[in-house]
Amino acid sequence: MTDKLPSTNADGLPVVPMTDEQKYLFDLKGWIALPGLLSDEQLGPVREHQMKFLQERESLPAEERDNHGGPSQILLDHPAVVGVLNEIQSHQALASEACYGFRFDHTYTSFREAGHDNFSPHGGGGFFNFEGNSHVYQMLPGRVHAGLVRVVWELNEVAEGDGGTLFLSGSHKSAFPRPESLSVRESDVWESYTCPAGSAVIFTEALCHSGTLWTNADRPRLSLFTCYNTVNSKWGKGCPSPEVIAAMPPKRQSLFRGVWHGMSEVPGINKYRDEANTAV
Ligand SMILES: O=C(O)CCC(=O)C(=O)O
């Protein structure tokens, strides 16, 4: 499909479709890095907001008191992220020019100083999971569908050996159980990335992945781990407050609609969000 909607994000910026090379590599490996998506002018306020959210939450006005409140809302539907989600996740029957064909699932922000260790490989083989699991990956010739998808926003540079997320590329399609011998940090099957501050790394949660040790004593890792899902499916609990959502443009608000599909015309089909049609 080439006519993926919406074609602009909530700020009216044109969505950036995936290239054929990106599509092939995402399907092959289960993850993709999109380096340098944010300008310094965008990055500064987002970083400041994240640190206030982590350390002085009560100082934020109610409409900004969320990982994706205030200046950090632009991360939710960055044109390059929408381009990837339109391709790998969107259910086009629930998409329109005014409404995304995927939904926000859950998120968290992580601030890691040197010595923080999150090594814990999990996932893989999602091609063989049933729908209710959400960690699913499906494909047909020329099309793929990823259920739960994680977008990691790296708000600080990640250099070689610093400790970005580890991926066992291709394991979203693996039929055999992962051997213990490959599940150790020292295994050479792990792949990772380096990137400048303001980059996104996107992966299917059907893939085996892991955090690892953050080693850089000069620079912490500051990342948002935001998940998206099929509109009529939700994995994580919770949703931003009504005040936070109300401060967003309408198309961005469609990421927070209730978790159902329906049919026919709005309000029978879930192609809108209002106060009564909101996720929990
Ligand atoms: O800590 C990391 O780098 C990876 C976190 C993770 O496994 C996840 O968000 O699913």
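This is a predicted model, so every value here is computed, not measured. Each ligand, and each atom within it, is numbered from 1 in the order the structure gives.
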To the nearest 0.5 Å, how far apart are CG in Leu155 and OG in Ser110? 11.0 Å
Can you tell which part of Glu154 has a heavy atom less than 4.0 Å from ligand 1: side chain, backbone, both or neither? neither
Determine whether any heavy atom of His135 lies closer than 4.0 Å to an atom of ligand 1. no
Would you mind listing which atoms of ligand 1 come within a distance below 4.0 Å of any non-hydrogen atom of Arg112? 1 (O), 2 (C), 3 (O)
Got the closest protein heavy atom to atom 2 (C) of ligand 1, with its distance? Gly211 CA, 3.3 Å
What residue and atom, counting heavy atoms only, is the protein's closest point to atom 8 (C) of ligand 1, and at what distance? Tyr108 OH, 3.6 Å
Can you list the ligand 1 atoms lying under 4.0 Å from a non-hydrogen atom of His122? 7 (O), 10 (O)
Got an N/O contact under 3.5 Å between His209 and ligand 1? yes
Between Arg185 and Thr212, is there a side-chain donor-acceptor contact under 3.5 Å, judged purely by atom types and distance? yes
Closest to atom 1 (O) of ligand 1 (judged by heavy-atom distance), picking from Asn118, Leu166, Val152: Asn118
Quick check, are the ring centers of Trp31 and His209 under 6.0 angstrom apart? no
Return the orientation label for the Phe26 and Tyr137 ring planes: parallel under 30°, perpendicular over 60°, tilted otherwise. tilted
Without hydrogens or angle criteria, can the side chains of Asn156 and Arg47 be said to hold a donor-acceptor pair below 3.5 Å? yes
Using a strict 4.0 Å cut-off to heavy atoms of Thr165, name the atoms of ligand 1 that fall inside it. 2 (C), 3 (O), 4 (C)
Modelled atom types, side-chain donor and acceptor of Asn277 and Asn270, under 3.5 Å: yes
Distance-only side-chain donor-acceptor flag, Thr230 / Gln89, under 3.5 Å: no
